[in-house]
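Below: one structure, written as structure tokens.
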Amino acid sequence: PGGSWRCAWGPATNSDESNLAFVATYHYGPGLPVFAAVVVRGTDFYVDDGWGIVEQIWEDLDVPNQVPLPWAVANPARIANGTLDGLTDIQQMTSGGQSMLSYLAGYLGSPANNKPVLIVTGHSLGGCLTTVVAPWLKFSLAQNSVNVPIVPCSFAAPTAGDAAFAAYFNSTFSYSLRYYNTLDVVPFGWANLPGVDSIYDNYGLTIPDSVYLAVGGFELMMRVAQVTYTQPVPSSPLPGVFLIGQTWTGELAHQHHTTTYMQLLGGKSVTAGATASGHSVRMQRHSLRERFGPINTLLAKVHVD
């Protein structure tokens with residue numbers, strides 16, 4: 001209460017609108033900024049450019065290919081190639097003739113602002129990108145002789161990288177926040193895909209065959225590519241509240257929605273959460289999972305030389 005937000009840089013987007021970010025500052029009264037926040041947008045299928053939608057899907061799903069960190073190529077850490085594409089877009093964005101890095105170096109480095117804390121945050125794809133934008137900014141700002149506390153804070157984030165990246169992230173930041181709804185499917189990607197299979201079983205919703213096959217396909221591709229993913233720690237689980245009367249995909253949409261997260265965090269004056277179109281549909285009794293057993297049973301028979 002009593003504070004105010006100001007949009008200080010952006011919102012900026014790349015040419016096909018696949019990524020968007022802005023910098024906001026929080027002030028309490030007329031004094032110095034309390035903190036600045038880099039905000040990274042998640043997946044948005046309502047952008048005007050169709051190619052931008054395709055690019056977002058690519059960033060979300062290009063996980064079988066892992067690449068080194070551009071600013072620390074000697075580090076064994078690896079991140080998804082799609083995540084790196086999103087980071088590259090953010091690095092190249094400009095607003096008012098300045099890149100995000102250039103603006104932050106000037107703003108955070110100014111003695112007049114007294115080195116405010118920098119928060120990096122985002123939801124879903126934005127949360128995933130948060131975990132790579134934050135260490136990139138920490139390294140890059142230090143290269144510009146700007147050293148301020150940086151706090152990554154992600155919401156509903158799938159994993160960005162492997163165990164070495166998680167270790168690098170955890171060692172880079174003494175304090176970070178990772179919020180996820182326990183009934184949200186998205187944070188299961190890509191470190192715990194088998195968990196997607198049964199997430200709503202206790203509520204009488206069986207995973208649709210199409211989703212079951214897609215999850216199994218990604219598990220297989222990752223196994224063939226010999227890549228794994230690990231969520232950084234610590235985490236702050238938000239106990240989800242099941243929404244009665246939804247289909248499996250409708251439940252996913254509701255549990256992943258930003259307004260659902262705001263409600264779980266105690267937010268007020270938020271709009272109603274996402275609802276799925278159509279009526280609740282019971283899956284056929286003999287689904288693919290019932291006929292063929294857990295997908296891991298099939299994957300266990302696949303050997304990679």
Side-chain angles (χ1 to χ4, degrees), residues 1-15 17 19-42 69-72 83-84 86-123 125-155 157 160 168-179 232 234 236 258 261-262 265-269:
S4 62
W5 286 99
R6 302 173 190 173
C7 189
W9 178 91
T13 186
N14 55 321
S15 59
E17 302 180 60
N19 295 101
L20 180 147
F22 63 90
V23 177
T25 56
Y26 183 76
H27 301 256
Y28 188 80
L32 295 172
V34 179
F35 60 84
V38 170
V39 184
V40 184
R41 190 194 65 194
L69 302 175
W71 65 91
T83 303
L84 177 60
L87 172 64
T88 302
D89 283 345
I90 292 170
Q91 291 171 328
Q92 295 174 350
M93 292 176 185
T94 60
S95 177
Q98 284 186 295
S99 67
M100 177 192 291
L101 176 60
S102 175
Y103 173 79
L104 288 173
Y107 184 85
L108 300 173
S110 172
N113 291 322
N114 198 30
K115 294 186 175 180
V117 172
L118 177 64
I119 294 173
V120 184
T121 189
H123 172 270
L125 172 61
C128 177
L129 288 169
T130 288
T131 60
V132 294
V133 170
W136 162 66
L137 283 175
K138 185 174 180 66
F139 172 83
S140 301
L141 288 171
Q143 296 295 105
N144 286 271
S145 301
V146 176
N147 294 285
V148 297
I150 297 178
V151 179
C153 180
S154 66
F155 298 89
Y168 164 75
F169 180 90
N170 294 332
S171 65
T172 300
F173 301 101
S174 59
Y175 181 68
S176 63
L177 296 163
R178 179 173 72 86
Y179 289 101
S236 299
T258 52
Y261 272 80
M262 291 174 72
L265 288 161
K268 298 179 180 180
S269 300

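We're numbering straight along the sequence, starting at 1.
- Taking the six-membered ring where the residue is Trp, Phe35 and Tyr26 present parallel rings, their angle staying beneath 30° rather than reaching 60°.
- Residues Gln98 and Trp9 share a closest heavy-atom pair of O-NE1, 3.0 Å.
- Contact between Pro232 and Arg178 at its shortest, heavy atoms only, is O-NE, 3.2 Å.
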Evaluate the criterion side chain to side chain contact (heavy atoms under 4.5 Å, CB included) for residue pair Arg6 and His27; output intermediate values, then yes/no.
-> CA-CA 8 Å; Arg6 302 173 190 173; His27 301 256; 3.4 Å; yes

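- Of the residues Leu177, Leu265, Thr258, the one that meets the side chain to side chain contact (heavy atoms under 4.5 Å, CB included) test with Phe155 is Leu265.
- Residues Leu141 and Asn147 have side chains not in contact (no heavy-atom distance under 4.5 Å, counting atoms from C-beta outward).
- Using a 4.5 Å heavy-atom threshold, the side chains of Pro135 and Trp71 count as touching.
- Here the CG atom belonging to Leu137 is positioned 12.5 Å from the CD atom belonging to Gln143, to the nearest 0.5 angstrom.
- Interatomic distance, CZ of Arg41 versus CD of Glu17, reported as 7.5 Å (0.5 Å rounding).
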For residues 108-121, tabulate all N or O donor-acceptor pairs below 3.5 Å that involve a side-chain atom, not counting sequence neighbours.
unit_1	atom_1	unit_2	atom_2	d
Ser110	OG	Ala112	N	3.3
Asn113	ND2	Tyr107	O	2.9
Thr121	OG1	Cys153	O	2.7

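- Checking side-chain atoms of Thr13 against main-chain N and O of Asn19 turns up a donor-acceptor pair under 3.5 Å.
- Remark: Tyr168 pairs with no residue by the ring-ring contact (aromatic ring centres under 6.0 Å, His included) rule, at least two apart or across chains.
- Heavy-atom minimum distance, Ser176 versus Val151: CA-CG1, 4.5 Å.
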Show your working on side chain to side chain contact (heavy atoms under 4.5 Å, CB included) between Gln92 and Asn14 and close with a plain yes or no. CA-CA 8 Å; Gln92 295 174 350; Asn14 55 321; over 6 Å; no

Side chain to side chain contact (heavy atoms under 4.5 Å, CB included) evaluation trace for Trp136 with Gln91 = CA-CA 10 Å; Trp136 162 66; Gln91 291 171 328; 3.1 Å; yes

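- The minimum heavy-atom distance linking Pro70 with Leu84 is given by the pair CG-CD1, 3.5 Å.
- A donor-acceptor contact shorter than 3.5 Å links the side chain of Thr130 to the backbone of Gly122.
- Separation of atoms OG (Ser99) and CD1 (Ile90) is listed at 12.5 Å; rounding is to 0.5 Å.
- In terms of heavy atoms, Ile150 sits closest to Pro152 at O-CD, 3.7 Å.
- To the nearest 0.5 Å, the span separating CG on Asn170 from OG1 on Thr131 amounts to 10.5 Å.
- In terms of heavy-atom proximity, Leu129 sits nearest to Thr83 at CD2-O, 3.4 Å.
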